[in-house]
**Student:** 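There's a structure below that I have some questions on.
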Amino acid sequence: MLAILLCAVVFAGCGGEDEEAAPPPPVPEATAPQEEPVVAGGATTTGAGQAETLEDIPFTLNTEQPVPPDFQAAYRRQARIAVQFYKIGEDPFYPQGLEVDEMVRTSMERLRGEYPTIEFFSYDIDSPGTAQSSEELQPGEYGTLAAQLNVGITPFVAMMAPSGEEGYVITNLFQGYTPQEVLSQALFDLSAIEVQDNTSDVDASLQRLELTETGGGIEYVTISNDSGRSLNLQGFSVKVLDPESGQVDADSPGVTINEPIEVGPGASV
């Protein structure tokens with residue numbers, strides 16, 4: 001509309017009839033206003049409310065601060081990690097709206113079974129806990145992990161891969177609503193990164209381990225099948241991680257399942 005109005009204006013010359021009228025000045029092409037980049041967690045991001053890293057971000061976990069023990073164990077054994085923070089409940093002042101958090105959270109839960117080589121962690125942003133050490137954190141509490149990852153708005157999803165002997169890089173980071181297809185592509189890219197870990201590619205998790213009253217032996221373990229297909233646990237071994245390195249070796253104590261045990265999708269034994 002602006003271009004049409006400018007072109008319709010007649011610019012008359014100041015001289016007589018023999019002088020040609022001065023040509024109108026060139027009209028610049030109308031362009032849509034550009035959004036300023038958003039900076040989240042030290043990464044340049046694009047779009048209001050949604051963020052994605054443009055390059056890998058170095059990350060080192062501070063284990064001197066309270067962080068979830070299972071997250072710390074995955075970090076120490078250099079596993080591929082996908083971690084999300086979300087908000088639940090009612091909060092009329094929350095800018096993103098809680099429906100967005102639930103949508104992204106549901107997408108990540110759906111994708112979890114498709115990427116068994118990635119370890120998934122999920123935390124309610126309102127549950128940091130008050131523990132002074134990692135060992136004192138209760139299940140579901142994240143301690144200082146959100147602060148270390150520079151979590152801003154939720155939903156927040158970070159894909160992490162080991163880099164070097166001790167460090168990690170954040171390969172993809174999203175804040176705000178992110179379509180499931182985009183999350184799936186990021187997880188696919190993460191799963192393709194070569195890592196050296198000591199976990200299997202089956203999505204089975206250890207739910208409980210009961211020790212004997214004397215001798216420090218194992219009375220029983222409870223294992224759940226978190227994948228969408230049946231598993232046979234024959235040949236599986238459960239071993240103790242080295243508390244310093246987070247690794248296991250041939251001399252680590254543990255047990256091996258010698259009998260064929262079928263576990264259906266979502267079932268436990």
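Each residue takes its place number in the sequence, starting with 1. Here the structure is a predicted model, which is why all the values come from computation and not from measurement. As a basis for the values below, the full set of heavy atoms in this structure was taken, side chains included, without hydrogen atoms, waters or symmetry mates.
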**Student:** Who pairs with Asn62 by side chain to side chain contact (heavy atoms under 4.5 Å, CB included), at least two apart in sequence or on another chain?
**Tutor:**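 For Asn62 the side chain to side chain contact (heavy atoms under 4.5 Å, CB included) partners, ignoring immediate neighbours, are Glu64, Gln65, Gln148.
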**Student:** Under 3.5 Å, which donor-acceptor pairs link side chains of residues 125-132 to any protein atom two or more places apart or in another chain?
**Tutor:**
{"from": "Asp126", "atom 1": "OD1", "to": "Lys87", "atom 2": "NZ", "distance (Å)": "3.2"}
{"from": "Asp126", "atom 1": "OD2", "to": "Lys87", "atom 2": "NZ", "distance (Å)": "3.0"}
{"from": "Gln132", "atom 1": "NE2", "to": "Thr130", "atom 2": "O", "distance (Å)": "3.3"}

**Student:** With hydrophobic residues grouped by side-chain heavy-atom distances under 4.5 Å, do Phe59 and Val169 end up in a single group?
**Tutor:**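 No; tracing contacts between hydrophobic side chains, which count when under 4.5 Å, never links both residues.
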**Student:** Once side chain to side chain contact (heavy atoms under 4.5 Å, CB included) is applied, do any residues pair with Pro260, and if so which ones, sequence neighbours excluded?
**Tutor:** Asn232, Gln234
**Student:** Tell me every residue that passes side chain to side chain contact (heavy atoms under 4.5 Å, CB included) with Glu219, counting only those two or more places apart in sequence or in another chain.
**Tutor:** Glu210, Thr212
**Student:** Can you list the residues that meet the side chain to side chain donor-acceptor pair (under 3.5 Å) rule with Ser122, with sequence neighbours excluded?
**Tutor:** Gln84
**Student:** Is a donor on one side and an acceptor on the other found under 3.5 Å between the side chain of Asn225 and the backbone of Gly264?
**Tutor:**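 Yes; at least one donor-acceptor contact below 3.5 Å.
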**Student:** Out of curiosity, Arg208 CZ to Ser268 OG, how far, rounded to the nearest 0.5 Å?
**Tutor:** 12.5 Å
**Student:** Holding to side chain to side chain contact (heavy atoms under 4.5 Å, CB included), I want the full list of residues that pass it with Ser107, two or more places apart in sequence or in another chain.
**Tutor:**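 If we apply the side chain to side chain contact (heavy atoms under 4.5 Å, CB included) test to Ser107, skipping adjacent residues, the hits are Gln180, Leu183.
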**Student:** Give the ring-plane orientation class for Tyr142 versus Phe85, where under 30° counts as parallel, over 60° as perpendicular and anything between as tilted.
**Tutor:** perpendicular
**Student:** Distance from Tyr75 atom OH to Leu145 atom CG, nearest 0.5 Å?
**Tutor:** 11.0 Å
**Student:** Would you say the side chain of Thr171 lies within less than 4.5 Å of the side chain of Asp189, judging by non-hydrogen atoms?
**Tutor:** no
